[in-house]
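Encoded as structure tokens, the structure appears first; notes follow it.
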Amino acid sequence: MPEHSKSSHAPFARNISGQIVDIEQVPRGDACQCFCIQCGGALLARKGEINAHHFSHKPADSGNAGNLTGCVGALESAIHAAAKQLLETEGGLYIPDLIRSKEDVSRTIAGSLVKFGIVEAEKTIFSEEKYIRPDVMASIGDDPLAIEIVVANPVGTDKRNFYKKNGISCVEIDLRSLRDAFKHGESLNWDGLRRLLLEDGGSKEWVFHSRSAELDRQIDEEIERIKALEKTKVKETSFSSGEAFIRQSFQGEMPLIIGKEQSGLLHGLNPEQRAAVELPAQSALILAGAGSGKTRVLTTRIAYLISNGQVSPHGLLAVTFTNKAAKEMVTRLSAMLPINTRGMWIGTFHGLCNRMLRAHHREANLPQTFQILDSGDQLSAIKRLMKAMNVDDEKYPPREMQHFISGNKEQGLRAHEVEAYDPYTRRKIEVFAEYDTQCQREGVVDFSELLLRCYELLARNQALREHYQERFKHILVDEFQDTNPLQYRWLKLLAGQSNALFAVGDDDQSIYAFRGANVGNMQELLRDFHVESVIKLEQNYRSHGNILDAANALIANNRERLGKNLWTDADKGEQIRVYEAGTDVDEAAFIVEEIKQLNREGVHLTEMALLYRSNAQSRVLEHALVSAGLSYRVYGGLRFFERQEIKHALAYLRLMENTDDDNALLRIINFPTRGIGARSIEQLQEAAKQYNTTLWDAAARAGGKITAFVGIIEALRSATKDLPLPEIMEHVLEHSGLVPHYQNETGAKKREAQERLENLNELINSATLFVHENEDDSLTSFLTHASLESGEHQAGDSEDALHLMTVHAAKGLEFHTVFITGVEEGLFPHQNSIDNGDLDEERRLMYVAITRARRRLYLTCAQSRMLHGKTNYSAVSSFLRELPEALLHWITPRFTARKTFDNGRRETESYVSAFGGTPSIPAPPSPKSTWRIGQAVFHQKFGEGVVTDSEGSGNEGRVQVNFKRAGSKWLALEYAKLTPI
DNA sequence: AGCGTAAATGTTTTT
DNA sequence: CATTTACGCT
């Protein structure tokens with residue numbers, strides 16, 4: 001960390017850095033916990049009791065010599081006392097990692113104050129105006145980290161009086177005017193500020209304060225006072241921890257939140273969980289089976305570290321894969337500890353990388369307002385590029401290109417690092433390289449670029465790397481088995497030599513290999529971090545015994561496991577219910593009946609989930625649910641921010657923020673139609689290519705209708721310049737012509753347009769919500785939110801509704817009752833996986849699905865299913881056969897009697913008996929055929945299969961059979977020896 | 001240019 | 001089946 005260049009108190013200057021005041025959630029009169037950013041010291045103070053010795057330090061012998069620690073605060077009067085201390089010691093925040101650039105300094109100050117809980121607290125006290133007293137010192141050198149800002153905390157009436165009484169002059173400044181002033185590119189320094197205040201012309205009561213000899217003297221005095229106190233304390237005892245120190249300070253009479261909380265934290269943990277939580281500060285791997293309290297261990301660990309004084313909330317980094325998981329962690333943490341979780345580094349890999357890249361956009365060579373491409377955007381960018389490069393999209397399917405590019409980035413490889421032994425790959429690499437250039441030119445990054453760029457930033461910039469390494473003493477990773485090589489390298493880089501990486505994962509739940517996840521990272525972790533303690537959490541608190549036994553039996557079929565067997569104290573519970581329906585519609589009908597019954601028995605709809613392998617399956621289920629009048633929510637699938645009209649609206653905003661974003665420009669240049677046709681766009685692209693500029697620049701030079709378009713964007717931009725986000729949104733929707741466009745729809749499209757209008761309205765709502773929930777309410781921030789959290793928050797969360805989702809989306813969740821639907825060979829396991837011969841991941845997926853259930857589990861399948869407009873016939877999933885017969889209860893009658901199920905041979909039986917007299921048989925399209933479609937058959941050579949089509953009749957005909965092992969084949973009945981089974 | 005209709009094509013899981 | 005592309009007409 002850079003020295004505080006302006007301070008005359010070199011050793012004390014560090015004290016100024018990083019105070020946190022966590023005021024929220026502390027009840028009046030109670031003690032509150034405080035932390036020091038630098039050394040992680042935790043201290044305690046009671047409202048009104050804050051004075052120098054409570055607010056001091058960790059003793060010099062605790063390994064943090066020279067670091068005086070944070071100040072403390074509690075609500076109301078306490079914060080004023082804290083503020084007093086802060087100001088007396090020239091207090092403020094040192095926030096190097098939040099500062100983006102000179103231009104952005106002002107916003108950073110405002111944002112940080114809010115983040116660190118200071119302004120937040122003030123808001124509750126002085127609800128109208130937010131004041132800060134910035135004693136601003138910005139010295140900006142070549143080193144990005146040399147940007148140093150010290151801001152005092154906010155000034156309220158009481159504090160102003162305090163200054164007056166003490167003869168200290170101060171500056172009062174409205175955050176908004178500060179922000180505005182620096183919007184125009186002025187650099188933030190003392191002179192600039194002074195000029196700004198003078199220009200204000202006395203509309204406010206500005207009082208200036210500059211560092212004076214008098215103030216310096218006061219500071220010296222204070223330091224001496226603190227030091228003296230410190231000495232006496234240290235002499236009396238040596239403190240092994242912050243807690244001991246605090247106990248000592250209060251001589252036992254203080255009700256210790258820390259002590260209470262801590263024992264509360266560990267309460268109810270089993271020995272393994274507890275061991276994991278209490279591990280010393282070293283790297284560790286926790287193998288946590290499904291339902292073993294993984295999230296609990298992770299959050300408790302964080303709470304433990306913090307309350308134990310081992311680390312401050314700002315000194316740790318917690319990474320998850322989904323926003324949902326991150327949110328969950330934050331929520332639980334807030335419940336455990338009276339701390340302000342805002343500003344903590346808890347988030348997804350992508351979210352955290354984004355945060356770092358925004359903070360250091362310059363070092364990362366990105367524009368401040370860089371936009372994020374979701375996979376759809378990425379694909380269209382690739383298509384566009386390939387067209388420009390004249391790459392044959394028959395030979396190089398864009399999707400494959402996309403996979404190639406993302407895949408390599410996930411391995412941490414840039415185009416020039418990919419090995420190529422054939423011209424085909426070399427060509428792909430050329431596209432890859434050109435794609436990156438294009439993104440750079442347009443100021444956009446895709447998902448994997450977010451990670452790679454951040455990794456490279458840290459790898460190349462020593463100062464930054466060391467800064468973050470210094471800061472994040474503890475790094476915690478959720479779902480570690482899902483990390484890809486790049487993410488692992490990123491973690492390694494941040495962990496450095498000495499930081500502790502606490503990884504929680506379950507190799508049996510690794511279901512994201514398809515997007516680059518590498519379970520091998522678990523072994524690498526053990527090696528790279530010299531992990532001595534692998535703790536296995538095997539007690540399951542979620543499911544009844546039969547469900548767990550089924551899961552264990554299934555997963556035992558996988559090789560190369562780290563080895564783990566879940567057990568439970570709970571009863572065996574019910575058997576697993578298995579139902580084979582004739583068609584997907586019947587399957588859905590059965591499920592609906594069961595749900596109704598369960599609901600009558602008192603199981604809430606929210607406690608039930610319908611899981612499926614692929615999103616397409618939800619359609620039939622939804623249909624049945626709607627007709628039955630059951631309310632449900634579909635998770636995943638088509639997300640809010642991915643809807644066409646939303647994407648259009650966002651494209652306008654993106655283009656306003658960053659005119660280089662060609663993707664956004666192309667999306668809206670002629671939507672709503674304004675007479676710019678394909679030909680014009682082509683010309684525009686050619687012009688851009690010729691002058692090597694972005695489309696926007698070319699458009700600015702073009703004429704006619706294109707000029708009009710440029711005019712629209714510029715008009716939007718200038719009209720919304722000073723508006724708050726929701727109003728920007730509203731203005732843009734109206735004046736871009738989007739809303740009028742949909743309003744003018746008539747006839748057949750009217751209904752659809754109506755829905756789109758509602759969605760656009762919802763977009764304004766989400767902007768309003770966003771402004772309320774986030775301190776950084778800039779447009780860029782909202783756009784980032786839209787790309788990274790593609791609409792998780794949906795209305796109706798509180799409603800009692802069923803959950804419909806893919807198995808992937810269900811990971812981490814649990815329900816009383818789970819229906820796993822479409823348990824068919826070719827669907828689950830998916831055909832592609834069967835073809836690739838990689839059934840293990842599918843099996844893990846089934847394992848995840850099974851272990852979601854607490855009490856009741858249904859496995860349902862259908863003999864025939866409409867898929868992509870065609871009827872498919874498939875056999876029961878082979879996974880079903882891997883489950884012990886004793887655990888299963890076949891609801892479909894014809895299977896209950898089938899004892900020989902295990903050896904693969906079945907008796908011939910008509911379908912009719914299977915469905916209790918009301919069968920729904922797939923009608924054979926060719927009645928002449930003796931072989932019914934959907935009939936299970938056995939072939940001498942190819943094994944088991946299902947008839948999927950037929951031609952002709954008798955011995956002259958032939959049938960198509962989909963064999964489990966050998967795939968689909970046409971067989972002539974004259975020769976093929978098929979046996980019905 | 002822009003619209004409408006017909007044909008073709010693709011389809012796992014996700015930040 | 002749902003979405004994209006192709007083509008032909010105004």
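Every chain is numbered from 1, with letters handed out A, B, ... down the list of sequences. Values below: all heavy atoms of this structure, side chains included; hydrogens, waters and symmetry mates excluded. Since this is a predicted model, take the numbers as computed values, not measurements.
Distance from the side chain of A/Lys383 is smallest to C/dT5 among B/dC3, B/dT15, C/dT5. Listed nucleotides B/dT11, C/dC1, B/dT14 differ in distance to A/Arg399; the shortest reach to its side chain belongs to B/dT11. Closest approach to the A/Thr348 side chain among B/dT15, C/dC1, B/dT14 is made by B/dT15 (side chain taken as heavy atoms from C-beta onward). Closest contact between the side chain of A/His350 and the listed nucleotides B/dC3, C/dA2, B/dT15 involves B/dT15.
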Open item on the list: Show, in sequence, the C-alpha distance, side-chain angles and deciding distance for A/Gln831 and A/Asp835, and conclude whether the side-chain hydrogen bond (donor to acceptor under 3.5 Å, both in side chains) test is met.
Closed with: CA-CA 6 Å; A/Gln831 190 60 48; A/Asp835 296 344; 3.0 Å; yes
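A/Asp374 comes within 4.0 angstrom of nothing in the nucleic acid, heavy atoms only. In this structure, A/Arg844 reaches neither bases nor backbone, as no heavy-atom distance under 4.0 Å exists between it and the strands shown. Heavy atoms of A/Ser680 sit under 4.0 angstrom from primed sugar atoms or phosphate atoms, though from no base atom. At a threshold of 4.0 angstrom between heavy atoms, the contacts of A/Tyr512 are confined to the sugar-phosphate backbone, with no base atom among them.
An aromatic stack links A/Phe514 and the base of B/dT13, using centre distance under 5.5 Å and interplanar angle under 30°. The aromatic ring of A/His808 does not sit over the base of B/dT13, since the test of centres under 5.5 Å and planes under 30° is not met.
Mapping A/Leu451 and A/Ala678 onto DNA chain B via the closest heavy atom, the residue that lands nearer the 5' end is A/Ala678. Summary of the strand contacts: A/Arg679 and A/Asn615 both lie near DNA chain B, and taking for each the nucleotide with the nearest heavy atom, the more 5' one is attributed to A/Arg679.
Spacing between B/dT12 and C/dT5 at atom C1', rounded to whole Å, works out to 24 Å.
Ionic pairing of A/Arg332 and A/Glu328 is present here: one or more N-O contacts between side-chain nitrogen and carboxylate oxygen are shorter than 4.0 angstrom. Under a 4.0 Å N-O distance rule, the pair A/Glu841/A/Arg844 qualifies as a salt bridge.
Atom NZ in A/Lys647 sits roughly 15 Å away from atom P in C/dT3 (whole-Å rounding). Rounding to whole angstrom units, CD of residue A/Gln402 and P of B/dT15 are separated by 15 Å. Straight-line distance from the CG atom of A/Leu450 to the C1' atom of B/dT14: 15 Å, rounded to whole Å. In this entry the distance linking NE2 of A/His403 with P of B/dT11 reads 13 Å, nearest Å. Nucleotide C/dT3 holds its P atom 12 Å from the CZ atom of A/Arg643, rounded to whole Å. Between the NE2 atom of A/His741 and the P atom of B/dG2 there is a distance of 13 Å, given to the nearest Å. Rounded to a whole Å, the CD1 atom of A/Ile669 is 14 Å from the C1' atom of B/dA1. When the C1' atom of B/dT15 is taken as reference, atom CG of A/Asp478 falls 14 Å away, rounded to whole Å.
Close placement of the A/His360 and A/Tyr468 rings is indicated, their centers lying within 6.0 Å of each other.
Between A/His803 and A/Phe815, the ring planes lie tilted relative to each other; the angle falls in the 30° to 60° range.
Note on A/Arg674: every side-chain N or O is 4.0 Å or more away from OP1 and OP2 of B/dG2. Distances shown here put a side-chain N or O of A/Thr673 below 4.0 Å from the OP1 or OP2 atom of B/dC3.
Using a 4.5 Å heavy-atom threshold, the side chains of A/Asp374 and A/Phe641 count as separate.
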